[in-house]
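To start, the structure itself, in structure tokens.
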Amino acid sequence: MSAHAVIVMNNVGENPNLIGMPRAELENFFVGLGEKPYRARQVLQWIHQRDAAGFDVMTDLSQKLRDRLASIARIELPQMLRESASADGTVKWLFESGAGQAIESVFIPEAGRGTLCISSQVGCALDCAFCATGAQGFNRNLSSAEIIGQVSFANRVLPRRDHGEPAVTNVVFMGMGEPLANYRSVVPALRILLSDLAYGLSRRRITVSTSGIVPHIDRLGHDCNVSLAVSLHAPDDELRDRLVPINRVHPIEELLAACWRYAALHANRFITFEYVMLAGVNDSPGHADRLAELLCGKPAKINLIPFNPFPGNEFRRSSASTIQAFQNRLRRRGIVVTTRKTRGDDIDAACGQLAGKVINRARVRLGEKNLRMAKA
Ligand code: SAH
Ligand code: SF4
């Protein structure tokens, strides 16, 4: 695989980057130019399905319109700084995100599907105790163009699947950042992923993972009901307050109530609860029992994530036998539970290891100001 096919395209100053516009926004854009709204459909397909690298190839638009678009708009992909390939087939890309900062995306090939794990922010302010992204602090939100650009980039550089379909069949917002803290950009990106004129992914193939920004869980349910994963990691508020500080704003009871409301919006909708396995911290039989009590009889699945270590962090991963015993104990209580296979850890691409290797990132943490913002 090579990145040669990808060029930074038509980078004309601050002209709008059409790659991040969902259909309604693109229709408004064309109407604003005095054009018919259906131009949006054509351009969406060119960019996202036919990998257009510029406007000149859009032969079903008049030459005059193509020239005009080239002077007032752009189609720009993120600039790839480094590609790392893991022995297990996982690929990680580091993308430029301005001012010496970088974000990361990870492609995980599996039989029958290709999952792209994408970032939504440069860093993260929520400061979960076991997360490399959180340890870096927060720098800024990504734009919808920067979010969808990660998917477009992957599909352009990866070989197509057997029947000519794009390489990316599933997208998970589990890279750097808290997607629901960047709601304004994440929702347009979701609309593009769902659109039949662009990626046409079903709701089940798109997962937003959140540490629990409750008001935005409700909004998301109504705006874009994709699959939801919630980073629970502890069965009681005392422990969760320490591991996932946003719990001090939205405690477990409030969070779970939002999850059940979300699930109720669609038939057969399950919420996935992520639970990082930290040796001696949250992995005892008692923790398993309390977790089962919270989720028993609810539309819930649990995904146990073996902790992935990173420099400067003192947590340790629970042993394989402890994880197995925890899983068995939950299963005996009738809970659907899986353990996530660790992929790409030889290239620091496993969950929670994405740090973007940046210089000078402002260390903004979840202080009182952020807590107030998150509450608002
Ligand atoms: N901000 C979102 C999504 C990104 S993190 C969220 O927190 O849900 C994706 C998942 O990786 C989350 O469940 C997160 O808690 C988990 N994670 C973070 N650091 C980890 C680590 N060091 N080892 C294993 N999982 C980790
Ligand atoms: Fe942010 Fe998620 Fe990491 Fe917590 S686990 S610091 S919310 S990226």
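When a ligand or atom number is given, it counts from 1 through the structure's own listing order.
One side chain, Tyr183 or Asp223, offers a donor N or O that lies under 3.5 Å from an acceptor on the other. Between the side chains of Arg269 and Asn225, at least one donor-acceptor pair of N or O atoms lies under 3.5 Å.
Every atom of ligand 2 is numbered from 1 in the order shown, and the set under 4.0 Å from a heavy atom of Asp127 is 6 (S). Each of the atoms 3 (C) of ligand 1 lies under 4.0 Å from some heavy atom of Phe173. Of all atoms in ligand 1, listed by their number and element, those nearer than 4.0 Å to a heavy atom of Ser231 are 6 (C), 7 (O), 8 (O), 12 (C), 13 (O), 14 (C), 15 (O). Listed by number with element, the atoms of ligand 1 under 4.0 Å from a non-hydrogen atom of Thr210 are 6 (C), 8 (O). Listed by number with element, the atoms of ligand 2 under 4.0 angstrom from any heavy atom of Gly134 are 6 (S). Near Gly177, the atoms of ligand 1 lying under 4.0 angstrom from a non-hydrogen atom of the residue are 1 (N), 2 (C), 3 (C), 4 (C). The ligand atoms of ligand 2 that sit less than 4.0 angstrom from a heavy atom of Gly177 are 8 (S). Within ligand 1, counting atoms from 1 as listed, the ones closer than 4.0 Å to a heavy atom of Ile305 are 13 (O), 24 (C), 25 (N). Annotation for ligand 2: atoms under 4.0 Å from non-hydrogen atoms of Ser211 are 7 (S). Remark: ligand 1 atoms within the under-4.0 Å shell around heavy atoms of Gly175 are 4 (C). Numbered from 1 in the order shown, with element, the atoms of ligand 1 that lie under 4.0 Å from a heavy atom of Cys131 read 18 (C), 19 (N).
Under 4.0 angstrom from ligand 2, the non-hydrogen atoms of Cys124 all belong to its side chain. With a 4.0 Å cut-off on non-hydrogen atoms, Met174 touches ligand 1 through its backbone as well as its side chain. No part of Asn313 comes within 4.0 Å of ligand 1, judged by heavy-atom distances. Here Asn308 has heavy atoms under 4.0 Å from ligand 1 in both its backbone and its side chain.
Taking each of Met277, Glu274, His233 in turn, the one with a heavy atom nearest to atom 14 (C) of ligand 1 proves to be His233.
Residue contact annotation: Cys131 places no N/O/S atom under 2.8 Å from atom 1 (Fe) of ligand 2.
Residues His287 and Tyr275 keep their aromatic ring centres 6.0 Å or farther apart.
Using a 4.0 Å cut-off between charged side-chain N and carboxylate O, Glu27 and Arg23 make a salt bridge. With respect to Lys341 and Glu110, no salt bridge is recorded, no charged nitrogen being found less than 4.0 Å from a carboxylate O.
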Q.
Evaluate Glu178 against Asn182 for side chain to side chain donor-acceptor pair (under 3.5 Å), listing each step before the verdict.
A. CA-CA 7 Å; Glu178 165 52 51; Asn182 183 14; over 6 Å; no
(Q) Using the rule given for side chain to side chain donor-acceptor pair (under 3.5 Å), can you reason through Ser97 versus Glu146, listing the C-alpha separation, both sets of side-chain angles and the distance that settles it, and then say yes or no? (A) CA-CA 8 Å; Ser97 55; Glu146 290 172 307; 5.9 Å; no
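Of the protein's non-hydrogen atoms, Cys128 SG, 2.4 Å is the one closest to atom 4 (Fe) of ligand 2.
Within a 6.0 Å radius of CD in Glu314, no more than 12 heavy atoms belonging to other residues, nucleotides or ligands are found. Environment of CZ in Arg261: crowded, with over 12 heavy atoms of neighbouring residues, nucleotides or ligands closer than 6.0 Å. The number of heavy-atom neighbours closer than 6.0 Å to CG of Asn268, taken from other residues, nucleotides and ligands shown, is 12 or below.
Side-chain N or O atoms of Asn303 include none that pairs as donor or acceptor with a backbone N or O of Thr272 at under 3.5 Å.
Between Trp46 and Thr59 the shortest heavy-atom distance is CZ2-N, 3.7 Å.
Of the polar atoms of Phe130, at least one N or O is found under 3.5 Å from an N or O of ligand 1, judged by distance alone.
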